[in-house]
Each structure stands twice: as C-alpha cells, then as structure tokens.
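For reference, the structure is listed below as structure tokens.
Side chains are part of it too, since the values below use all heavy atoms of this structure and drop only hydrogens, waters and symmetry mates. The sequence lines fix the lettering, A, B, ..., with proteins before strands; numbering per chain opens at 1.
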There are 2 protein chains.
Amino acid sequence: MAAAQELGYRPNAIARSLITNRSRIIAVVMAYLENLFYPDVLEELGRLLVKENYRLLLFTGHMDRDSDPVFDQLMQYRVDGIILASTTLSSHLSEECATAGIPVVLFNRTTERDAVSSVTTRNREGGRRVAEFLLAGGHKRFGYISGVESSSTNRDRFVGYREALVEAGHDDIVVGVGNYDRAEAEAAAREMLSRPDRPDALFVANDHMAVAVMDVARYEFGLSIPEDLSIVGYDDVGAARWTAYGITSMSQPLKRMVEATVNILMSQISSGEIEAEHRILSGELMVRTSARVPKSGVVEIDGRRIYKPGKS
Amino acid sequence: MAAAQELGYRPNAIARSLITNRSRIIAVVMAYLENLFYPDVLEELGRLLVKENYRLLLFTGHMDRDSDPVFDQLMQYRVDGIILASTTLSSHLSEECATAGIPVVLFNRTTERDAVSSVTTRNREGGRRVAEFLLAGGHKRFGYISGVESSSTNRDRFVGYREALVEAGHDDIVVGVGNYDRAEAEAAAREMLSRPDRPDALFVANDHMAVAVMDVARYEFGLSIPEDLSIVGYDDVGAARWTAYGITSMSQPLKRMVEATVNILMSQISSGEIEAEHRILSGELMVRTSARVPKSGVVEIDGRRIYKPGKS
DNA sequence: CTGAAAGCGCTTACAG
DNA sequence: CTGAAAGCGCTTACAG
C-alpha cells in the first residue's frame with residue numbers, strides 16, 4: 001500500500017468496468033444550454049451524481065430523430081444510465097435502451113411510451129394557475145407565446161391555460177410560436193403586439209423567451225410593464241429574478257426534479273429492473289413585477305411572494 | 001456484418017480503450033456554470049470535441065486546492081486530456097498530470113507554471129481599452145469591481161485599467177471586491193455607490209457581475225445609466241446584449257478560444273509530447289448603451305459598434 | 001487466509 | 001489473406 005501510494009498508483013476505472021459490467025458513467029443529453037434553466041440542472045446533476053460516485057458524460061447539440069450517432073456513442077461507452085433533457089429519443093431508440101437494460105429518464109419531458117421513466121412538473125396545472133392569476137388581475141385579452149409545439153411541456157402548459165380561460169368565457173386566445181427560442185419569440189411578440197387588438201396579458205411558455213419578449217414590448221413598442229401589458233413566464237430561472245425583469249413565473253422545483261431523476265436511475269441500476277416510473281412534482285407561481293398583481297390570493301412565504309388562489 | 005447489424009452489435013469502447021491506451025474522453029472541469037459565459041463555452045466544447053470523435057466528461061463544483069477527489073477520478077478514467085475552466089490545479093497536481101503524460105489546458109486562466117498550456121485573451125490590453133474608452137467619454141472618477149482577486153484574469157484586467165488611468169493622471173480608483181459573484185458584486189456596488197465621492201465610471205470585471213451592479217445602480221440608487229453612471233463589463237455574454245442591459249463590454253472570442261483549446265489538446269495527444277503552449281487572443285470593446293459613448297473612435301462593423309481608438 | 005488463474009471485450013502482432 | 005493467440009488491468013471464484 002505504501003509503495004502504491006508512493007508510485008501514485010490509481011486503479012484503472014476502465015479496466016474495472018470491463019469486468020464489473022458497470023461503467024459508473026451516466027450520459028446526460030442536453031440539446032442546448034442557452035436556456036438558463038439547463039445549466040442549473042446540469043450543475044445540480046453533477047453535484048448529486050458525484051455524491052453517488054457516478055461520472056457525467058455530457059452530450060450537447062441537437063440530435064436528429066432516429067439515426068443519431070450520439071446514441072451509438074452512449075451505447076459504446078456502456079453508460080449505466082441515460083438522462084435526456086430537452087430532447088426525446090425516438091421510440092426505436094428507447095426500445096433499444098430498454099432491451100440493452102439501460103435505464104433512461106426523461107427530464108422535464110414525457111412521452112406516451114411507457115418504457116421510459118420521466119420527471120416532470122404539473123404543467124397543465126401550472127398553465128391553469130397562470131390563467132387564474134391573469135384573470136384575477138382583471139385582464140381582458142389573452143395571448144400565448146408557445147414553446148416547441150410538439151413538446152409535452154408546451155402542450156400541457158397551453159392546454160391548462162386555455163382550459164381555465166375558456167371556463168371564464170375567453171375563447172379567443174392570440175397565439176404565437178416561439179419554439180423556446182429567443183429570436184423566434186421576439187418575432188412572435190412583434191407580430192402579436194402590432195395587432196390592433198393586442199393582448200393585455202401574455203403567457204410566455206418559458207422565462208428564457210419571456211425575457212426577450214419583455215425587451216421587445218418595452219423598447220420596441222414602448223409599453224409599460226405591467227401597466228400596459230402583463231407578462232408571465234415559466235421556470236423561474238435566475239434572470240427572472242433580476243430586477244430589470246422581475247418576471248412573475250411558474251417555478252419548477254429544479255433541485256427536487258434532479259433528485260428524483262437521480263433516484264430513479266440509481267434504483268433501476270441497483271435493482272436491474274427497468275420499470276418505467278413517472279415522477280410529477282409541483283411548482284408555485286412566483287409573483288414579481290412583470291404582471292399586474294390581483295387584490296387577493298398573494299401570500300408571502302420566506303420573503304417570496306406566491307400566488308395561492310383561495311388564500312390571502 | 002449483417003449479423004452484427006441485426007443483433008445490434010456495438011463495439012465496446014471501454015474494452016477498446018484498455019488495449020489502445022486511449023479513452024477518447026476529455027475531462028472538462030468547470031467550477032460553476034452560473035456565469036453565462038461558461039455554458040456557452042461548454043456547448044462549443046461539446047460541438048468541437050464530438051467532431052474530433054472525443055467524449056466530454058464533465059466535472060462541476062468547486063475543487064479544493066490540493067487533495068481533490070475529482071482529480072483522482074480523472075486519473076482513474078484515464079482521460080486523454082483535461083480542460084480546466086474557472087479552476088486552477090495546484091502545482092502538485094499539474095505536475096502529476098505532466099508525469100502521467102496527460103495534456104492539460106487552462107481555459108481563460110494562466111499560471112506562472114510553464115508545464116501546463118493555456119488559452120487566454122489579452123486581459124491587460126482589455127483593461128487598458130476600457131480605461132481609454134471611459135477617459136474618452138470624459139469621466140472624472142473611476143471605480144472597479146473586481147473578480148476573484150487571485151485570478152489571473154482579474155489581476156490582468158485591473159492592472160491594464162489602472163495603468164491607463166494613472167497615465168492619464170487618475171490614481172485614485174475606488175475598488176470593491178466582487179469575487180465574480182452576483183451577491184458580492186451587489187454588496188460592493190452598494191458600498192461604492194453610497195460614498196459621497198462615488199464614481200461616475202465603473203469597470204466591472206465581468207458581465208455576470210455587471211448585470212447585478214446595473215440593477216443595484218438603477219433600482220436601489222435610482223441612477224440613470226449612462227447619464228449618472230457609466231458601466232463597462234467583460235466577456236460580452238448573452239445577457240449583455242439584452243436591451244434592458246445593453247452592456248458595453250470587452251468581448252472574449254469564445255469560439256476561437258475553444259478552438260485553440262481543442263487544437264492544443266489534439267496536437268499534444270497525437271504527438272505524445274506535452275510542451276506547454278500559450279495561446280493569447282484578442283477581444284473587442286463592444287459599444288452598447290451602458291456607458292457614455294465618446295465622440296470619436298467608435299466604428300461600426302457588421303452592425304456591431306466597436307471602440308477602436310485612433311479611428312473614427 | 002493467501003495466491004494464482006480465468007475472463008471481461010477488445011486490438012495487434014504473428015503464425016499458418 | 002485468414003485465424004488463433006497474447007495481452008490491456010482489473011475482479012472474482014477457486015485451489016492450496
């Protein structure tokens with residue numbers, strides 16, 4: 001042992017993994033890090049995985065649907081688990097993972113397929129909450145700037161938002177497509193705010209776009225926020241808290257989401273059984289300055305203002 | 001081959017690496033992803049490494065100086081190269097890498113030690129440029145909010161800034177310590193702006209802090225920017241371009257920096273020779289709205305405004 | 001309890 | 001040109 005120490009011997013983890021059949025590597029696939037939400041997720045993932053004595057192999061960049069070379073690489077490195085954030089595997093590929101016995105967890109996404117686990121938040125309820133908040137604020141004309149239209153997050157947020165608005169008698173929502181992209185969100189905002197019947201309440205599908213939309217509204221259209229236009233976002237990312245924006249936003253409990261993701265992975269790895277598990281968490285509507293504040297329903301908890309209808 | 005295809009055979013990269021003595025894995029160590037500059041770097045690194053057929057093993061979280069377990073893990077996975085961003089290895093550890101024949105590149109950092117390569121920008125010239133710009137803007141009283149005081153980036157930026165100011169007869173710079181941290185930068189700004197002789201020109205060591213400082217100046221002190229206070233940042237990160245901030249900032253050529261980093265690594269890996277190489281690139285002072293604009297020296301290139309003293 | 005052997009899945013050099 | 005053998009650095013089961 002002393003000699004080993006002296007010579008700086010370190011066991012070769014790669015040789016070990018060959019015989020143990022465990023690489024202790026988790027692959028994390030993140031299409032893009034531009035949305036500030038994801039770097040935060042990544043950092044937290046790194047923290048938890050290291051605690052579990054796992055390494056994090058990162059794949060960024062958009063994956064093409066089926067024939068991804070990225071996927072081949074995951075398999076070649078015999079990763080013990082895969083976390084997919086802001087990407088979805090084709091059904092073909094997730095099948096392959098399942099047969100190869102590699103646990104897969106979708107982060108902030110779901111699919112109909114039952115084979116792969118997922119961790120999400122109640123996006124539909126979130127969408128409803130946003131609508132309730134804007135209705136309580138006395139708004140009359142509602143808009144929505146969407147994310148990627150086929151994504152489960154976008155779909156669920158919009159469905160909940162629309163449901164609650166329709167129940168209140170508003171069935172004419174102005175919709176623009178933002179694709180979770182700044183530039184596209186800006187274009188959608190320009191188009192929407194140029195309309196003679198422009199909305200006075202706007203739900204933007206995530207904060208990453210909401211920041212861009214606020215800049216367009218304020219500096220290109222000269223609108224006062226929230227006097228002329230209320231904006232609500234989603235995710236509660238860092239920039240939402242910056243005073244210049246102060247975005248009222250549905251939060252996603254990032255730490256708990258990451259924790260659930262790692263838990264699912266760890267239990268599937270150790271049990272060797274891959275039974276799809278779906279963990280669904282809840283967020284809160286964080287009230288700041290980007291949207292008119294209703295007379296009641298806003299409570300203060302630990303210095304943060306949260307909208308909880310029914311309470312005051 | 002047909003059979004292999006049918007059975008979904010994929011070579012085991014780990015077994016291969018055992019015999020080839022090449023893991024085709026590069027370790028990237030990033031202390032924190034909070035500063036928006038680093039996620040961008042990470043994404044670009046991912047792009048280039050994948051092109052070179054390398055994988056990216058990510059380590060986040062602060063490393064303790066000498067005895068880091070993280071470093072042990074790097075070694076255990078027999079990574080082919082190490083990129084250190086926003087962290088420095090102790091001399092002891094970089095020595096070990098050298099003897100183990102693993103190339104190391106410091107990204108956006110340097111050390112006196114010659115054994116390890118680095119990619120940086122001309123921070124001292126950058127600091128000078130900022131000073132020249134603020135002097136040309138007619139400012140009288142200069143402040144500086146620092147990064148981590150021991151870091152080479154911070155030191156060089158400040159040295160250049162001070163040099164140019166002293167040459168112009170200003171040797172009384174008000175200095176606050178921001179440690180590249182939002183909260184600390186805010187505290188430093190509060191302290192500095194409360195002074196009776198508060199500066200009218202403020203160089204903040206990076207944009208990540210500059211955003212926070214601007215919010216403090218505007219919303220806590222009611223200052224107009226740039227009328228009451230000019231602020232210049234560093235890095236030219238995404239948020240600097242958001243209209244609400246519009247930070248005048250020294251850019252760092254991120255893509256070229258990443259390219260140089262990967263190049264150094266690749267050439268050292270293929271040659272097997274680890275000779276320290278220091279690549280130093282240049283940035284530009286991107287002119288936006290957070291600082292008073294001098295009468296001359298600002299040129300427009302591809303729709304971006306850049307300060308190039310001596311030209312107009 | 002200690003120590004030698006087999007084997008994980010590859011690649012490479014060598015024999016047929 | 002094809003095919004069997006050796007070996008990368010571990011772990012694990014087994015023999016002494």
Side-chain angles (χ1 to χ4, degrees), chain A residues 1-27 49-50 52-57 59 68-82 93 96-104 265-266 268-274, chain B residues 1-27 49-50 52-57 59 68-82 93 96-104 265-266 268-274:
Chain A
M1 286 304 257
Q5 181 78 4
E6 189 145 349
L7 294 167
Y9 168 79
R10 284 188 186 77
N12 183 329
I14 290 195
R16 173 182 293 153
S17 84
L18 201 57
I19 188 77
T20 58
N21 219 358
R22 291 268 108 104
S23 60
R24 301 204 78 86
I25 293 178
I26 301 292
L49 286 176
V50 104
E52 302 280 351
N53 194 24
Y54 274 81
R55 255 54 59 203
L56 189 166
L57 201 62
F59 296 86
D68 13 26
V70 166
F71 179 76
D72 245 43
Q73 291 178 5
L74 300 190
M75 298 298 280
Q76 289 186 16
Y77 276 88
R78 301 298 192 267
V79 297
D80 290 346
I82 301 176
L93 291 182
E96 267 202 273
C97 288
T99 57
I102 303 177
V104 176
L265 234 37
M266 293 300 122
Q268 294 192 351
I269 289 172
S270 64
S271 73
E273 304 208 359
I274 304 188
Chain B
M1 285 303 258
Q5 180 78 5
E6 188 144 352
L7 294 167
Y9 169 79
R10 282 189 188 78
N12 184 328
I14 289 194
R16 172 181 293 152
S17 84
L18 201 54
I19 188 76
T20 59
N21 220 356
R22 291 267 107 105
S23 61
R24 301 203 77 86
I25 293 177
I26 301 292
L49 287 177
V50 104
E52 302 279 351
N53 194 23
Y54 274 82
R55 255 52 61 203
L56 189 166
L57 201 62
F59 296 85
D68 13 24
V70 166
F71 177 76
D72 245 43
Q73 290 177 6
L74 301 189
M75 298 298 281
Q76 289 187 16
Y77 276 88
R78 300 298 191 266
V79 297
D80 291 345
I82 301 176
L93 291 182
E96 268 204 89
C97 287
T99 57
I102 303 177
V104 177
L265 234 36
M266 293 300 122
Q268 295 193 349
I269 289 171
S270 63
S271 74
E273 305 210 357
I274 304 188

Query - Atom pair distance, as rounded to whole Å: CG in A:Asn21 and P in D:dT11 - result: 14 Å
Query raised in the report: Is A:Tyr77 near enough to C:dG9 that one of its side-chain N or O atoms lies under 4.0 angstrom from OP1 or OP2?
Result: no
**Report entry** Closest listed nucleotide, where the reference is the side chain of B:Tyr9 and the choices are C:dG9, C:dC10, D:dC10
**Finding:** C:dC10
Query raised in the report: So, does B:Arg24 use its side chain to make a donor-acceptor pair with the main chain of B:Glu52 at under 3.5 Å?
Result: yes
Report summary line: Rounded to the nearest 0.5 angstrom, the CG-CE distance for B:Asn12 and A:Met75 is 11.0 Å
Query - Under 3.5 Å donor-acceptor, B:Asp80 side chain and B:Ile26 backbone - result: no
Query raised in the report: Could you give the CD1-to-C1' distance, from A:Ile19 to D:dT11, as a whole number of Å?
Result: 5 Å
Query raised in the report: So what's C:dA13 paired with, Watson-Crick or G-U wobble, going by both distances under 3.5 Å?
Result: none
Query raised in the report: Within this structure, what is the CG-to-C1' distance between A:Leu18 and C:dC10, rounded to whole angstrom?
Result: 8 Å
**Report entry** Point-to-point distance, once rounded to the nearest 0.5 Å, from CD1 of B:Ile102 to CD of B:Gln268
**Finding:** 12.0 Å
Query raised in the report: Taking CE from A:Met75 and C1' from C:dG9, how many angstroms apart are they, rounded to a whole number?
Result: 15 Å
Report task. Kindly point out which of D:dG9, C:dT11, D:dT11 is positioned nearest to the side chain of B:Thr20? Result -> C:dT11
Query - Spacing between B:Arg10 atom CZ and C:dC10 atom P, to the nearest angstrom - result: 12 Å
Query raised in the report: Nearest-Å distance, CZ (A:Arg16) to C1' (D:dG9)?
Result: 11 Å
**Report entry** D:dA4 pairs with, by Watson-Crick or G-U criteria that keep both distances under 3.5 Å
**Finding:** none
**Report entry** B:Pro11 side chain, from C-beta outward: closest of D:dC10, C:dC10, D:dC8
**Finding:** C:dC10
Query - Ionic contact status for B:Arg10 with A:Asp72, cut-off 4.0 Å - result: yes
Query raised in the report: Which listed nucleotide (D:dT11, D:dG7, D:dG9) is nearest to the side chain of A:Ala15?
Result: D:dG9
Query raised in the report: What is the distance, rounded to the nearest whole Å, between atom CD of A:Gln76 and atom P of C:dT11?
Result: 10 Å
Query raised in the report: In whole angstroms, how far is the P atom of D:dC10 from the CD1 atom of A:Ile14?
Result: 11 Å
